[in-house]
Amino acid sequence: MPELPEVETIRRQLGPELIGRRVVEAGSHPSAKFTPARDATGVEFTEDGRRGKFLIFGLDDGRELIIHLGMTGRLAIRSSGRDPSVEEDPDDAYLRAWWLLDDRRLLTYHDVRRFGRIRVVSAGDYSSIPTLHTAGPEPFDETFDSEQFWQRLARSRRPIKVQLLSQRPVAGVGNIYADEALWLAKINPKATRIGKGRAADLLDAIRVVLGRGIENGGTTLRDYRDAEGRSGDNQNALEAYGRVGRPCRRCSNALRSTVIDNRVATWCPHCQRR
DNA sequence: GTACGGCCCTGTTAGC
DNA sequence: TGCTAACAGGGCCGTA
């Protein structure tokens, strides 16, 4: 399930391959989630970017190709283009979109569960993409400080984990890194209000876990692969997510899990008291 | 504006 | 062994 570190890893890999390349043909699965991929025909990639979990590729006609990987989305570049002599990819049943480049290579988007989505919009106009439109600051933005973070958290009284997953206080945190950051900052995922000091701790923790995730090439629990088909290593660095029943690495008490807003949260009942 | 439930999807796993 | 149901979950949408 790609979150900021996974999306950033893919951006860094794809950017140099795509910038300056022109799309000569594009196709997609019939679902409306993917048909906008076809709108990026005849354009040249001019820029690679990311906002939270959204990949944003600048195009030379003043628009942007926006890709969200959902749960199981994968982007890759096939060197063979659509040369029929090349053996078919066994995952082609899940090919949801493709872009044939002017050097005959093929940018492919696979997505088993079809939770991802693709859009082409005027540059900077995200009004048709609610989560992107209302996304909070980038966690590594140097102008984003803990005071702003605390103010954003104070706008809602929903549980802190729900707020993080909403992308509004800060962009790019999903279920895995939310559990990790809350564990690191010793904050209970059901807490509805935290003080400025704890908000500062949480922002620091978010930066630590996301930074570590990027360094480790992302977290692969099952599906995630980077643009070169490789698994990440960050699953070996997880302290909370997926460790329910196992001892907390700080206090040795068994980690617990609970469902908050239809998502599993794993936390330490001793370290992360309310 | 905010909160909340339901839906989209399909491979994997648990239970019978 | 084979079938069925539950589960995973990010984002969107309708309703309150």
Novice: Is the NZ or CZ atom of A:R250 positioned over A:W183's six-membered ring, under 6.0 angstrom from the centre and within 45° of the axis?
Specialist: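 Output yes; distance and angle both within limits.
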
Novice: When the distance from CG of A:L164 to C1' of C:dG9 is rounded to whole Å, what number comes out?
Specialist: 16 Å

Novice: Using a heavy-atom cut-off of 4.0 Å across all strands, would you classify A:V264 as base, sugar-phosphate, or nothing?
Specialist: sugar-phosphate

Novice: Shoot me the first and last contacting nucleotide of DNA chain B against chain A, ordered 5' to 3', at under 4.0 angstrom to non-hydrogen atoms.
Specialist: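 Range of nucleotides within reach of chain A: B:dT2 to B:dT12.
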
Novice: Could you check, using the six-membered ring where one of them is a Trp, whether A:F54 and A:H68 have ring centers closer than 6.0 angstrom?
Specialist: yes

Novice: Closest nucleotide of DNA chain B for A:R158 versus for A:N262: which of these residues is on the 5' side?
Specialist: A:R158

Novice: Please list, chain by chain and in numerical order, all residues satisfying salt bridge (Lys or Arg N to Asp or Glu O under 4.0 Å) with A:D125, sequence neighbours excluded.
Specialist: none

Novice: If you look at every strand shown and take non-hydrogen atoms under 4.0 Å, does A:Y241 touch a base, only sugar-phosphate, or nothing?
Specialist: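 Contact class for A:Y241: sugar-phosphate only.
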
Novice: Tell me every residue that passes salt bridge (Lys or Arg N to Asp or Glu O under 4.0 Å) with A:E228, counting only those two or more places apart in sequence or in another chain.
Specialist: A:R230

Novice: Sequence neighbours excluded, which residues qualify as side chain to side chain donor-acceptor pair (under 3.5 Å) partners of A:R21?
Specialist: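 Side chain to side chain donor-acceptor pair (under 3.5 Å) list for A:R21, sorted by chain: A:D102.
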
Novice: If an axis is fit to five pairs at each end of the helix from B:dT2-C:dA16 to B:dC16-C:dG2, what is the angle between the two, to the nearest 10°?
Specialist: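 Rounded value for the end-axis angle: 50°.
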
Novice: Among residues at least two apart in sequence or on other chains, which ones pass side chain to side chain contact (heavy atoms under 4.5 Å, CB included) with A:T266?
Specialist: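 Testing A:T266 for side chain to side chain contact (heavy atoms under 4.5 Å, CB included), a comparison that skips the adjacent residues, returns A:D179, A:V244, A:L255, A:S257, A:V264.
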
Novice: Check side chain to side chain donor-acceptor pair (under 3.5 Å) between A:N175 and all other residues, then give those that pass, not counting sequence neighbours.
Specialist: A:K161

Novice: Looking at residues at least two apart in the chain, or sitting in another chain, which of them share a salt bridge (Lys or Arg N to Asp or Glu O under 4.0 Å) with A:R193?
Specialist: none

Novice: Tell me every residue that passes salt bridge (Lys or Arg N to Asp or Glu O under 4.0 Å) with A:D61, counting only those two or more places apart in sequence or in another chain.
Specialist: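 By the salt bridge (Lys or Arg N to Asp or Glu O under 4.0 Å) rule, A:D61 matches A:R63.
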
Novice: Which residues end up grouped with A:W267 if you chain together Ile, Leu, Val, Met, Phe, Trp and Tyr wherever their side-chain heavy atoms are less than 4.5 Å apart?
Specialist: none

Novice: If you group Ile, Leu, Val, Met, Phe, Trp and Tyr whenever their side-chain heavy atoms sit less than 4.5 Å apart, what else falls in with A:V162?
Specialist: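 Under the 4.5 Å side-chain rule, A:V162 groups with A:I260.
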
Novice: Counting primed atoms plus P, OP1 and OP2 as sugar-phosphate and everything else as base, spell out the protein contacts along nucleotides 11-16 of chain C at 4.0 Å heavy-atom distance: B, S or - for each nucleotide, 5' to 3'.
Specialist: BSS---

Novice: Between A:N175 and C:dG9, is there a contact of a side-chain N or O with OP1 or OP2 at under 4.0 Å?
Specialist: yes

